[in-house]
A.B. asks: 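Would you mind keeping the following structure in view while I ask a few things?
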Amino acid sequence: MVNSKGYIGEIFASNREIRNDWTNGSEGNEDFEWDSDDEATTGDVVPSSESLACPPGEGCETGPSRSAMVCHFMGMGFSEDMIMKAIKENGEENSEAILEALLTYMSIGTSPSEYDSIPRDLSVLSNKDEAHDNPYDRVASVDEELFEDFPAEDRKLLILVEMGFPTNDASAAIARCGPNASILELADSIHAAQLANKLDDNLGVSTVSSLVEDERQSNCPRGAESRFAEVTRSKRRCTSTEDEDSVISFSKPMVGFSLPNQRMYMVPRKISEAAIGPPYFYYENVALAPKGVWETMSRFLYDIKPEFVDSKYFCAAVRKRGYIHNLPIHNRFPVLPIPPRTIHEVFPATKKWWPSWDLRKQFNCLLTCISSSRLTERIRRELVQYDDPPPLQVRQFVLNECRRWNLIWVGQHKVAPLEPDELEILLGYPRNHTRGGGMSRTERYRSLGNSFQVDTVAYHLSTLKNLFPDGLKVLSLFSGIGGAEVALHRLGVHMKVVVSVEISKVNRDILRSWWQETGQSGMLIQFVDVQELNPHKMEHLVNRFGGFDLVIGGSPCNNLTGSNRYTRIGLEGIHSSLFFDYWRILDLVKCLMGRTS
DNA sequence: TCTAAGATGATGTCCCAT
DNA sequence: ATGGGACATCATCTTAGA
């Protein structure tokens with residue numbers, strides 16, 4: 001199915017193959033500029049200027065003088081000068097060596113001019129003190145020169161404290177190991193001391209310290225009580241005769257392995273042989289699921305511990321989610337432009353009406369339903385009775401409802417729920433992504449409330465960009481409105497193939513129309529139900545495309561979320577049990593790819 | 001038959017006072 | 001340690017009206 005302009009596209013629905021109408025222009029796309037490259041030539045596709053993650057004002061014009069390689073790295077935030085230098089030294093073929101060189105330039109940062117060219121948004125830089133392969137020295141510290149004025153010993157103490165170690169433990173370790181000890185040695189020393197203390201504390205007690213358990217399970221050095229690093233704790237009941245269950249809890253704050261532009265030590269993680277790709281996979285669901293759910297999902301997904309991240313660090317709305325994945329976690333970078341992280345910055349017009357006593361800076365989690373008009377009217381009626389500020393009781397009532405329903409101030413005494421297009425902005429989708437195409441207003445709210453926060457997911461997926469310069473073959477389960485696809489596109493990652501599964505017709509239509517509008521030259525294949533993907537069909541798909549590079553999806557949270565008052569019954573629920581289809585299909589792909597490779 | 005509005009808590013976590 | 005209050009949460013069900 002190749003149209004006259006070289007576009008390849010197919011749609012399968014259920015077991016019936018649906019011919020894609022747009023390939024012959026029947027949906028009024030005559031004025032659309034199709035990419036003239038066919039699939040075979042899209043490996044070195046130059047991403048569109050929209051898709052490239054270029055800093056604002058440093059638009060990445062893909063002119064004749066600037067190669068795709070340069071644009072590619074500029075998209076990561078490196079300056080053109082640095083990139084040219086790196087290419088000159090390493091040759092244009094070896095993108096990995098170029099990236100290494102660019103990171104090295106940054107870590108050296110010898111001249112002011114070089115400092116000027118440090119990417120503002122690169123998340124992970126290397127510590128100047130330590131060798132690059134030291135896991136503890138992966139520190140994102142654009143302003144680490146803050147420590148430069150201190151003597152070496154004090155600097156190490158500060159770094160250790162910054163890592164989250166107690167000051168006493170840090171200085172004791174320096175005393176033990178001597179002033180010449182590396183950060184890694186010091187961290188290990190603290191870790192060992194803490195371990196010993198915990199063992200002492202727990203002698204004769206029925207619980208063993210989580211630290212011990214971490215040590216046993218991961219068999220890798222840990223950043224102990226890091227305030228920043230994601231740490232999952234396991235507890236074990238020694239008295240239990242049956243299978244001891246472990247408990248996963250989130251770190252505070254919920255930042256995952258790393259955040260863009262934060263000083264943060266990367267915790268080394270070790271994943272089991274069975275978990276290692278290909279394919280890479282990425283699974284998402286609500287962080288605040290009933291107890292035991294994440295433990296179960298983790299167990300099925302090859303014992304990888306979830307990375308819990310709150311999207312409030314990426315946009316102006318809270319969104320606490322857990323992600324189980326086997327992606328590399330070093331050298332992540334965010335998509336640009338970096339979205340605003342406060343309500344006033346995202347919606348400046350509301351500032352005029354925002355009362356001083358409403359101190360919200362960010363929205364709560366964007367849900368699938370909105371408040372009733374009766375509530376906003378009741379709030380207005382309450383407020384008009386009083387001067388500003390109203391009595392405490394009224395303030396409390398209004399603030400509670402504003403927080404509960406994410407209301408914004410749109411006039412004197414007037415609050416309103418967020419509009420669908422405002423949700424699109426907050427979640428990182430193109431404007432009008434869910435508009436039209438048969439979507440009702442209610443359906444827009446539902447689909448957006450159920451979707452990925454694109455900036456968050458893109459940050460995690462960013463490491464794939466260098467691994468797959470020719471593009472990715474993606475299996476996208478529970479695609480929804482295409483959060484994964486939008487994230488990859490915004491990263492400038494080419495999608496050679498996307499096999500997408502989505503039960504909702506309007507959502508499938510949205511993804512398909514976005515696929516067209518953004519001029520994707522890859523192939524989109526859509527299925528309706530994950531349960532259609534039986535071993536036979538999966539074998540066919542894997543053989544046809546030579547496997548998948550990424551299996552991505554977030555299964556329904558309906559039976560897990562706290563918003564559900566009726567059927568919050570965990571993974572047994574009719575919707576959330578679809579997690580097991582995610583696992584089944586992923587495992588199938590792994591088996592098939594293992595067999596064919 | 002469809003859409004939208006309106007009414008409907010429980011389960012956790014965190015914090016602070018005791 | 002512990003108890004109580006504050007707070008947040010990718011939703012579902014019933015009903016009214018077009």
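Note on naming: letters A, B, ... go to the chains in the order of the sequence lines (proteins, then strands), and numbering restarts at 1 for each one. Every heavy atom of this structure was used, including side-chain atoms; hydrogens, water molecules and symmetry mates were not.
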A.B. asks: Near DNA chain C, under 4.0 Å by heavy atom, which residues of residues 440-453 of chain A?
C.D. replies: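 Residues of residues 440-453 of chain A under 4.0 Å from DNA chain C: R446(A), G449(A), N450(A).
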A.B. asks: Rounded off to whole Å, could you give me the CZ-to-P distance for the R378(A) and dA5(B) pair?
C.D. replies: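 For the pair R378(A) CZ and dA5(B) P, the rounded distance is 19 Å.
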A.B. asks: Whether E377(A) and R374(A) form a salt bridge (side-chain N of Lys/Arg under 4.0 Å from carboxylate O of Asp/Glu) is what I want to check.
C.D. replies: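 Judged by the 4.0 Å cut-off on N to carboxylate O distance, R374(A) and E377(A) do not form a salt bridge.
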A.B. asks: Mind calculating the distance between CG (N285(A)) and C1' (dA11(C)) to the nearest angstrom?
C.D. replies: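 Spelled out: CG on N285(A) to C1' on dA11(C) is 14 Å.
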A.B. asks: Once you round to the nearest 0.5 Å, how far does CG of L464(A) lie from CG of L550(A)?
C.D. replies: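 Result: 6.0 Å between the selected atoms.
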A.B. asks: Between protein and nucleic acid, restricted to nucleotides 1-6 of chain C and to nitrogen or oxygen atoms under 3.5 Å apart, what atom pairs and distances do you find?
C.D. replies:
none

A.B. asks: Under the rule for salt bridge (Lys or Arg N to Asp or Glu O under 4.0 Å), what residues qualify as partners of K351(A), not counting sequence neighbours?
C.D. replies: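 Scan of K351(A) (salt bridge (Lys or Arg N to Asp or Glu O under 4.0 Å), adjacent residues dropped) gives none.
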A.B. asks: Which residues in residues 315-323 of chain A have at least one heavy atom lying under 4.0 Å from any atom of DNA chain B?
C.D. replies: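 Under 4.0 Å from DNA chain B: no residue of residues 315-323 of chain A.
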A.B. asks: Have a look at C557(A) and say if it touches a base, only the backbone sugar-phosphate, or nothing, with a 4.0 Å heavy-atom cut-off.
C.D. replies: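 Counting heavy atoms under 4.0 Å across all strands, the contact made by C557(A) includes a base.
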A.B. asks: Which range-with-range stems can be found for DNA chain C when each stem has 3 or more Watson-Crick or G-U pairs in a row and both distances sit under 3.5 Å?
C.D. replies: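 DNA chain C stems, ordered by first number: B:1-8 with C:11-18, B:10-18 with C:1-9.
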A.B. asks: What's the CZ-P distance between R360(A) and dC7(C), to the nearest Å?
C.D. replies: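 Interatomic distance, CZ of R360(A) to P of dC7(C): 13 Å.
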A.B. asks: dC7(C) C1' sits how many Å from Q362(A) CD, rounded?
C.D. replies: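 Value for this atom pair: 16 Å.
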A.B. asks: Would you mind checking if R435(A) and E424(A) are paired as a salt bridge, meaning a charged N to carboxylate O distance below 4.0 Å?
C.D. replies: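 Salt bridge flag = no for R435(A) with E424(A).
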A.B. asks: Is there a side-chain contact between N364(A) and the phosphate of dT9(C), meaning an N or O under 4.0 Å from OP1 or OP2?
C.D. replies: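 Answer yes for this pair, as a side-chain N or O of N364(A) is under 4.0 Å from OP1 or OP2.
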A.B. asks: Show the nearest heavy-atom pair for residues W294(A) and I248(A), with the distance to one decimal.
C.D. replies: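 The answer is O-CD1, 3.8 Å.
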A.B. asks: Are R403(A) and F363(A) close enough that some pair of their side-chain heavy atoms sits under 4.5 Å apart?
C.D. replies: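 No, too far: nothing below the 4.5 Å cut-off.
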A.B. asks: Quick one: list whatever passes side chain to side chain donor-acceptor pair (under 3.5 Å) with D303(A), sequence neighbours left out.
C.D. replies: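 D303(A) satisfies side chain to side chain donor-acceptor pair (under 3.5 Å) with no residue once adjacent residues are dropped.
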A.B. asks: So for atom CD, which belongs to Q385(A), do other residues, nucleotides or ligands contribute more than 12 heavy atoms lying within a distance under 6.0 Å?
C.D. replies: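 Count over threshold, so yes.
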A.B. asks: State which residues pass side chain to side chain donor-acceptor pair (under 3.5 Å) with Y302(A); sequence neighbours excluded, sorted by chain then number.
C.D. replies: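 So Y302(A) forms a side chain to side chain donor-acceptor pair (under 3.5 Å) with D587(A).
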A.B. asks: Output one line per pair: protein atom, nucleotide atom from nucleotides 14-17 of chain C, and distance, for all N/O pairs under 3.5 Å.
C.D. replies:
none

A.B. asks: Can you tell me the distance, in whole Å, between the CH2 atom of W294(A) and the P atom of dT13(B)?
C.D. replies: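 These atoms are roughly 15 Å apart.
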A.B. asks: Report, one line per pair, each donor and acceptor closer than 3.5 Å where one atom sits in a side chain of residues 445-456 of chain A; sequence neighbours left out.
C.D. replies:
unit_1  : atom_1 : unit_2  : atom_2 : d
Y445(A) : OH     : L418(A) : O      : 2.6
Y445(A) : OH     : R441(A) : NH2    : 3.1
S447(A) : OG     : E443(A) : O      : 3.2
S447(A) : OG     : N507(A) : OD1    : 2.7
N450(A) : ND2    : R446(A) : O      : 3.0
S451(A) : OG     : L448(A) : O      : 2.7
Q453(A) : OE1    : D455(A) : N      : 3.1
Q453(A) : OE1    : T456(A) : N      : 2.9
Q453(A) : OE1    : T456(A) : OG1    : 2.8
Q453(A) : NE2    : L426(A) : O      : 2.9
Q453(A) : NE2    : D455(A) : OD2    : 3.0
D455(A) : OD1    : R490(A) : NH1    : 3.3
T456(A) : OG1    : S311(A) : OG     : 2.7

A.B. asks: For F579(A) and dC10(C), what is the distance between atoms CZ and P respectively, to the nearest whole Å?
C.D. replies: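 For the pair F579(A) CZ and dC10(C) P, the rounded distance is 18 Å.
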A.B. asks: Would you name the heavy atoms of V415(A) and V410(A) that are closest together and state the gap between them?
C.D. replies: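 That closest heavy-atom pairing would be C-CG2, 4.3 Å.
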A.B. asks: Could you list all the ring pair (Phe, Tyr, Trp, His ring centres under 6.0 Å) pairs where at least one residue sits in residues 560-581 of chain A, not counting sequence neighbours?
C.D. replies: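 Passing the test, one end in residues 560-581 of chain A: Y283(A)-F579(A), F300(A)-F580(A).
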A.B. asks: Show the nearest heavy-atom pair for residues R584(A) and L533(A), with the distance to one decimal.
C.D. replies: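 Heavy atoms of R584(A) and L533(A) come nearest at NH1-O, 2.8 Å.
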A.B. asks: Step through it carefully: locate the ring centre of H460(A), locate the ring centre of Y323(A), and say whether they are under 6.0 Å apart.
C.D. replies: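 Yes - the distance between ring centres of H460(A) and Y323(A) falls below the 6.0 Å cut-off.
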A.B. asks: To the nearest 0.5 Å, what is the distance between CD (E485(A)) and OG (S476(A))?
C.D. replies: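 So the gap between those two atoms works out to 3.5 Å.
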A.B. asks: Kindly compute the distance separating NZ (K320(A)) from CG (L288(A)), expressed to the nearest 0.5 Å.
C.D. replies: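 Rounded to the nearest 0.5 Å, the NZ-CG separation comes to 6.0 Å.
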A.B. asks: Might you list the N or O atoms of the protein lying below 3.5 Å from N or O atoms in nucleotides 7-11 of chain B, with each pair's distance?
C.D. replies:
unit_1 : atom_1 : unit_2  : atom_2 : d
dA7(B) : OP1    : R374(A) : NH1    : 3.1
dT8(B) : N1     : R565(A) : NH1    : 3.1
dT8(B) : O2     : Y566(A) : OH     : 3.2
dT8(B) : N3     : R565(A) : NH1    : 3.3
dG9(B) : N7     : R565(A) : NH2    : 3.4
dG9(B) : N1     : G562(A) : O      : 3.1
dG9(B) : N2     : G562(A) : O      : 2.9
dG9(B) : N2     : N564(A) : O      : 3.3

A.B. asks: Starting at CZ of F397(A) and ending at P of dC7(C), how long is that distance when rounded to a whole Å?
C.D. replies: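 Spelled out: CZ on F397(A) to P on dC7(C) is 15 Å.
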A.B. asks: Can you list the residues that meet the salt bridge (Lys or Arg N to Asp or Glu O under 4.0 Å) rule with R321(A), with sequence neighbours excluded?
C.D. replies: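 In terms of salt bridge (Lys or Arg N to Asp or Glu O under 4.0 Å), with neighbours along the sequence ignored, R321(A) is linked to E284(A).
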A.B. asks: If I compare all heavy atoms of I425(A) with all of F347(A), which pair ends up nearest, and what's the gap?
C.D. replies: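 The answer is CD1-CE2, 4.4 Å.
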A.B. asks: Donor-acceptor pair, R404(A) side chain versus L399(A) backbone, under 3.5 Å?
C.D. replies: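 No.
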A.B. asks: Which whole-number value in Å describes the distance from M254(A) CE to dC10(C) P?
C.D. replies: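 Those two atoms, CE and P, are 10 Å apart.
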A.B. asks: Are S373(A) and dG6(B) close enough that a side-chain N or O sits under 4.0 Å from OP1 or OP2?
C.D. replies: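 Result: yes.
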A.B. asks: Mind checking the C1' distance from dA8(C) to dG9(B)? Whole angstroms is fine.
C.D. replies: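 Each nucleotide's C1' atom is 13 Å from the other's.
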A.B. asks: Pick the nucleotide of DNA chain B nearest each of L288(A) and I370(A); which residue has the one closer to the 5' end?
C.D. replies: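 Whichever sits nearer the 5' end wins; that is I370(A).
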